[in-house]
Amino acid sequence: MRILNSEKDFVIELEKYYAQSRNSLIWIEVPNMGQSVDMVIQSGDDFTLIEAKLKDWKRAIKQCLAHKLVADYIYIAVATINVSEEFKREASSLGYGILQYDSSNKSINQILKAKRNSYWKPQRAIFERKINNPQNYESATLDVF
Amino acid sequence: MNLQHWMSFSTFKEQNYFIFPNSNSYFGVVFNGNMVAHAPAGLAAFLIEKTRVGFNYIIDPVTHAFQHDTKFIKNSNNELKSSIKNLANSYGDVINRLAGVRPITPGDLSEDEHKIDFVNNCLDFQRGIITKAIEENDSTKYFEEDMESNMPYAIVSPYFYLDDTNLDNWLPINYQLANLTIESKLEGEKVFVPIVLDPEILADSDTIDKVVEVYDDLENDGFLFWLSNFDETSVGRQDLQNMIEFCRKLRKHSTKELINLHGGYFSLLASSEVFGHPAFSGVTHGPEFGEYRDVVPVGGGIPISKYYIHHLHTRIRYRDAAQYFKTLGWLENSEEFHSNVCNCPECMRIINNNADNFTKYGETDDKVVMRNSIPVTLQYPTKETKVSCLKHYLYRKSFEYDYINNLTSKEEAISDLKIGYDTFKDFAPSSVKHLARWKKALVG
């Protein structure tokens, strides 16, 4: 069993997991309006933004506010054994999904499915333009760790 | 009497904004003594070229700088900062000898001759340094100017910062320095006495009375007031009320001027007669930052775009402002934007009939830097974005001062706070709490 020591470890595990899917593009530590999104997955035209927290989901909820301007789907990933009802209620009311990392088999369980988010088109256009500029992100992928 | 709109001088980069939105927008500028000591010619040129004729200025002598840990006045080479060194040189033997060696203590000024020397040097500095630089400026040296017109709006007594641990030691010194300044007052001069405090001091009404009583018999013309790091949008109702009570008492029912060196919209409200005796005769803010500030320098972090939301009377991170406006449907089109968000000239220019252009208030230059061997992308506001945010902010502040000066009833002001509260409370409750506290502090 791998013990996650930091959120950086957690993001690496998430990336390894989602990298198995060949139909998606994955970025990590993506800057967005002065914030950094832990992980962005592009499937077709859809962008899913994931905020990873070992346990502090309340902080993740706050950080996701700005993601609503650009994301199709927003997920909060946690590495806790249990997911509280309060967390589920809060995330559900905001349309966010919840992912739970299972360290025993290094898998990700979808606890709550995210609702499709209505982003703000002009900000999304800026986000897409920047994420597709390799100069910004080529060094910020998995191989640097 | 109209509330005076003062702006503090931060950097030469921002010197063009003292005639923005127009040359009459500001009553005057507050300079920090260390900047004056460092670049008197530059500041003289600023006054001559970048402000209107007769623009008022005050020099905050920042004498408290010498009472803090010496690390705050030294550079990375552990040497006294050059601007502070110039200032210390101007303030005479006691300050000059100890600056950067150890903090000044009340005992260093226990002898009358030391206090007199300090006061005389501090006042000579304020009276002479800018006026001399103006005289020597190429634009003015061929004209016969009336010297008095170049003098500061008021001369400021030397002072030290008061908190709950040093009050009993420094308060008597501050009083004596103020009295000596008044004794040295020249004909036609105003004398202002700085009251620079830790907000904790105002938590206790006995302490408020004690400080007010000390200054009660002073024949000064006014005060400069600074509550360290007092963010009006985050402090409690009682703190706000204590500030008002303290300032009203100091002013003796508005017979003395009192300029808040760092104040936001709550200070403006507290300056309106509709709420009783005005707490302030003037309120100062900076071109970018400065509605609150710590007395000791604090690191700045990475700059971030902030947009002033007039309903909230505060600057909000661009990404939050955009989310709020989108939620409210105010980014649907330019008409919605201008009728709900802002129709200041800068917003009219930026939006340019397309609400999508609001993104221009959040544009960034991205730079990849290494942190702990990991590349991290930092986003800095572009120069154009910074200027647009700043211009929009200054337009809104100018509107606010005009609004306060034309306010006819407290109901009108409270109604404005309520509109802001009601508009944002359902989806941004943490962004509106201060509006409720302000209302309670003003009318209960």
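If you're wondering where the values come from, they're calculated on a predicted model, not measured in any experiment. Throughout, protein chains are lettered first and strands after them, A, B, ... in sequence-line order, and every chain is numbered starting at 1.
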**Message:** Sub-4.5 Å heavy-atom contacts with chain A: which residues of residues 431-441 of chain B show up?
**Reply:**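 Heavy-atom contacts from residues 431-441 of chain B to chain A are absent.
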
**Asked** Can you name the residues of residues 327-354 of chain B that have some heavy atom under 4.5 Å away from a heavy atom in chain A?
**Response**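 At a heavy-atom separation under 4.5 Å, chain A is reached by B:L331.
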
Ring center gap for [X] and [Y] short of 6.0 angstrom:
{"X": "B:Y395", "Y": "B:F20", "result": "yes"}
{"X": "A:Y75", "Y": "A:Y96", "result": "no"}
{"X": "B:Y361", "Y": "B:Y318", "result": "no"}

**Request:** Can you establish whether the number of heavy atoms outside B:N75 located under 6.0 Å from its atom CG is more than 12?
**Result:**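 Above 12, so yes.
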
**Item:** Part of A:S36 within contact of chain B (heavy atom distance under 4.5 Å)
**Value:**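 Neither part; nothing is under 4.5 Å.
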
**Request:** Select one option (side chain, backbone, both, neither) describing which atoms of A:L65 are under 4.5 Å from chain B's heavy atoms.
**Result:**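 Interface part for A:L65: both.
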
**Item:** Side chains of A:S118 and A:K68, donor plus acceptor under 3.5 Å
**Value:**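 No, A:K68 and A:S118 have no side-chain donor paired with an acceptor closer than 3.5 Å.
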
**Geometric cation-pi criterion, A:R124 with A:F47: 6.0 Å, 45°** =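 Checked: cation-pi criterion not met.
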
**Prompt:** Could B:K391 and B:Y17 be counted as a cation-pi pair, given that NZ or CZ must be under 6.0 Å from the ring centre and within 45° of the axis?
**Reply:**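 No, B:K391 and B:Y17 do not form such a contact.
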
**Request:** Run the salt-bridge test on A:K58 and A:E86 with the 4.0 Å N-O cut-off and return the result as yes or no.
**Result:**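 The answer is yes: the pair qualifies as a salt bridge.
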
**Item:** salt_bridge(A:K53, A:D56) N-O dist < 4.0 Å
**Value:**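 No.
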
**Request:** Quickly, which of B:H313, B:H311, B:H310 forms a side-chain hydrogen bond (donor to acceptor under 3.5 Å, both in side chains) with B:D416? Name it, please.
**Result:**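 Going through B:H313, B:H311, B:H310 one by one, the side-chain hydrogen bond (donor to acceptor under 3.5 Å, both in side chains) with B:D416 is satisfied by B:H313 alone.
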
